Amino acid sequence: MKAKEVYIKYNPYTLVTEVRIDGAAVKANSELYIPIETRFQQWVEDLPRRLKAECNTSSFNMTFHGTTPDYEDLREVLDEASKEGFQFKHTHVAAKKTASKEKLIRDIFQKIRNGPIEELKRDDAMMDAFKKADNNEFEVSVVATMSAGKSTLINAMLGRKLMPSKREACTAKITRIKDNDAPVFTAKAYNEDGIHLQSHKQLNLEIMKKLNEDPAVSDIKVAGDIPFVDSERDMTLILVDTPGPNCSRNLNHQKVQRKMLDKSSKTLILYVINATQLGVNDDSELLRYVSESMKVNGKQSKDRFIFVVNQLDEFRKGEDDVKSSLNNVRDYLKERGGIENPNIYPAAARPALLIRMACGGEGLSHEEDKGEFVSKVRQLNCNDMLHLENDAPLPPSLRKEIDDMLAEARQGSNGEAEALIHTGVVSIELAIRQYVRKYAKTAKIKNVVDTLIHYLDETQYNERLKKKLAESVDEHNSIAKQLKALRAKIDGVGETNAFEDALKTQIKAVWDTANRNVTGIGTRYSAQIRDKIEEYNGIEIKKYEFSDVMREFEKFCGSLLTNLQVELERVSEEILEKECRALMDEYKKKVDAFANELSVEDFGAFEPLRLIQADFLAILSINWDSLVQTRISSYKEEKSQESKVAHTATGVGIGFAIGGPVGALFGGIVGWLFGATEDKSVETVKYINGSQLAEKLAPLEEYFADQVKSARKHMEDHYEKNVLALNSNFHRLDDLLKAKIAQLESYATDKVRAEERIRESRRNEEWINDIKSKIAEILEI
């Protein structure tokens, strides 16, 4: 059978995909029809199956028109499909290169603010919406097990020793390092409640050590230069150093980490693994959490997790093997977390740090470091096994960048630059940069453009109405009466009561679903704690092992509670968004019902919502945190009342609650042990009856259920406030709509200036069309 000709054009800035088979556009019911607003990486892995189902063949000549990163994702999928019998010939039509799209769009924004339309000049809401959409920050969270070299990797990226690095788990704080291109690093430290404690204008390693050791400090915000980031071309990068899964005793920190790993998060994750101690640390539960997050949203979710296998420079030639170690890590991730096809990047972070310090401004002050630096440079350049860039899963475009860097270093006999590339850290930095440009940067550009287009569309519709009304001066008395009546109707008692009844109906529908969801979460977590307790039934525990068993159980409870918090918060946000959208839909119905209130000959359909569409849509893109504090973390003010739940009748003291730390979980049980012995000799071994222990722990199941009930009550209280907040927005929209209608009245009744206003509206509409065409030109690929 003759190969099918397939043409795909994908624009990552507009999220529009065009697919043609043998020159004909696919239909809306086709397997290959891609709805607008669908990112390429969400469906590209399924493309071979869709092609076969649509075309009944496995042979294709494909032309892809788009950016290089997207084409490389396509090639990867097609190469995998070729192993299953597909035949692909593919050609890339490269997207046109332009100057910084962000800069061009900001220039357009200034033209709008300096343009001829007064409403756009004065509109503070547009300015606020633009600033929000133009937010340039992007977080990269660094996660690791104990002694994996996480702090050393961060220091290597910074080119200086800033983060404390010790063999034991030392990161007890959450540190955010924000790139601002300044040569000097600064820091601000905060306690658990977000209260500012201290500032440092010239941050160094010694100060960071003190901050990490200070029990009052919970979060540290650092700012300075992250060298591998180009803030103009990329985004403002924030490296987030989080406590490891086996070191933090602060549940709030664990929750922050889980939220970053959660499937709803957009944060890029560097998961650092110690190549020399694989499997020593118990991170199975965390890896399973990562695995669940990687199963949604297609390839982007897989790209979001970069597994860094560190300390490979400790491998010796002839004794160890890098490729075998990476395969072991791959098997380990699959066995421990069920993670398939991970992005594994080998690294030698400490040599990278030494090279950058020696060749940068900081230098090496210790003789031991100087000797290690010389030794590592020689080792990396002479040992082919340690050319770690060769084992990084880089796409062809980044592979070429690495090859060009190597060629330049070797041509200039720059052994330090060559060794730095061999450490694998440069490959990791390129992967981060590519992710930011492929996902975060394109998403930001789309948000900014959508914001501008909403305001331009609204203004353009308004100008068309003004022009039409100015042309209808013969009907001005009739039109003026209609517009005046419409303004009165917006405030009418009947309309208000009907609208409020509709809101109540929608809220009830949302909450019926929400209650079922929250109840399901509670049932699931209660079952997990019950199953764990049941493991002790019918067994005997040696008394000298009891403390270890209890520590393990405490760790299980803390992790389970953290996951419960994160899931409840996610559901809380989903409920809030659904509620908001439902109420917005009701407002839209209310305003759409006014469409028949204006009757002008040859006027066409009147769409009052289009007069305020930008402000209407701005509410849908609301920042859920800023609307009302809905997150469970807002329990802080309640923490003191519910941080301890005592079950004195059973002797179990539970020392933790939502938002609170895991405390003395089993204080009551210790007294019950009646003189447990630490003697490990066979003659004196005594046992604890697991069934009795299970009975003592039984109230924990009820406790977890109580937390879910408290969370539901907390949500309900705050969602009532959300309704009030949204109602105030609806009143604001009503006022805005009335003001726009009043302005239209003036255009319908002013015969004297009619011709002048017609010309003005015509000029304004032409100007808006010109601005829109310039925006479209910037986004075209």
Side-chain angles (χ1 to χ4, degrees), residues 145 244-249 251 254-255 258 279-292 332 334-339 519-568 645-658 661-678 680 682 685-708:
T145 53
N246 48 11
C247 78
S248 177
R249 291 178 174 83
L251 278 193
Q254 288 187 22
K255 187 179 70 176
R258 290 295 200 281
V280 171
N281 299 298
D282 183 16
D283 57 347
S284 301
E285 194 271 338
L286 193 64
L287 288 174
R288 282 194 293 271
Y289 200 88
V290 169
S291 177
E292 289 302 310
Y332 170 77
K334 185 174 181 179
E335 178 187 340
R336 289 289 183 96
I339 296 171
T519 300
I521 292 171
T523 301
R524 184 153 36 85
Y525 277 86
S526 290
Q528 288 184 61
I529 194 75
R530 182 170 62 251
D531 290 347
K532 187 68 175 178
I533 292 170
E534 279 297 313
E535 290 179 12
Y536 298 110
N537 261 327
I539 66 169
E540 291 183 328
I541 304 169
K542 293 176 183 177
K543 282 195 173 183
Y544 66 78
E545 294 176 343
F546 182 77
S547 59
D548 291 336
V549 171
M550 288 296 95
R551 270 195 293 271
E552 189 62 32
F553 190 83
E554 179 183 356
K555 183 179 176 182
F556 169 81
C557 289
S559 180
L560 198 65
L561 186 62
T562 301
N563 292 344
L564 174 62
Q565 287 183 5
V566 172
E567 190 163 351
L568 285 172
V645 179
H647 294 267
T648 53
T650 61
V652 180
I654 302 172
F656 67 91
I658 286 183
V662 176
L665 185 59
F666 305 107
I669 295 179
V670 173
W672 166 67
L673 286 177
F674 55 87
T677 179
E678 292 295 322
K680 297 180 175 57
V682 176
V685 163
K686 293 183 180 180
Y687 296 90
I688 294 168
N689 188 308
S691 299
Q692 286 182 282
L693 176 60
E695 184 181 334
K696 300 287 184 184
L697 293 173
L700 279 171
E701 182 187 346
E702 181 183 347
Y703 175 74
F704 269 74
D706 286 343
Q707 298 311 299
V708 177

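One is the number of the first residue; the rest follow in order along the sequence. From a predicted model like this one, the values you see are computed outputs, not experimental measurements.
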Minimum heavy-atom distance between [X] and [Y], given as atom pair plus value:
X: Leu560; Y: Tyr525; result: O-CE2, 3.5 Å
X: Ser291; Y: Ile339; result: CB-CG1, 3.7 Å
X: Val708; Y: Gly522; result: CG2-CA, 3.6 Å
X: Phe556; Y: Gln528; result: CZ-O, 3.9 Å

Is Arg524 close to Ile521 at the side-chain level, that is, under 4.5 Å between some pair of heavy atoms? yes
Is it the case that atom NZ in Lys532 sees more than 12 heavy atoms from other parts of the structure closer than 6.0 Å? yes
Give, for atom CG of Leu287 and atom CZ of Arg336, the distance between the pair rounded to the nearest 0.5 Å. 8.0 Å
With distance as the sole test, does Tyr536 use its side chain to make a donor-acceptor pair with the main-chain N or O of Ile541 at under 3.5 Å? no
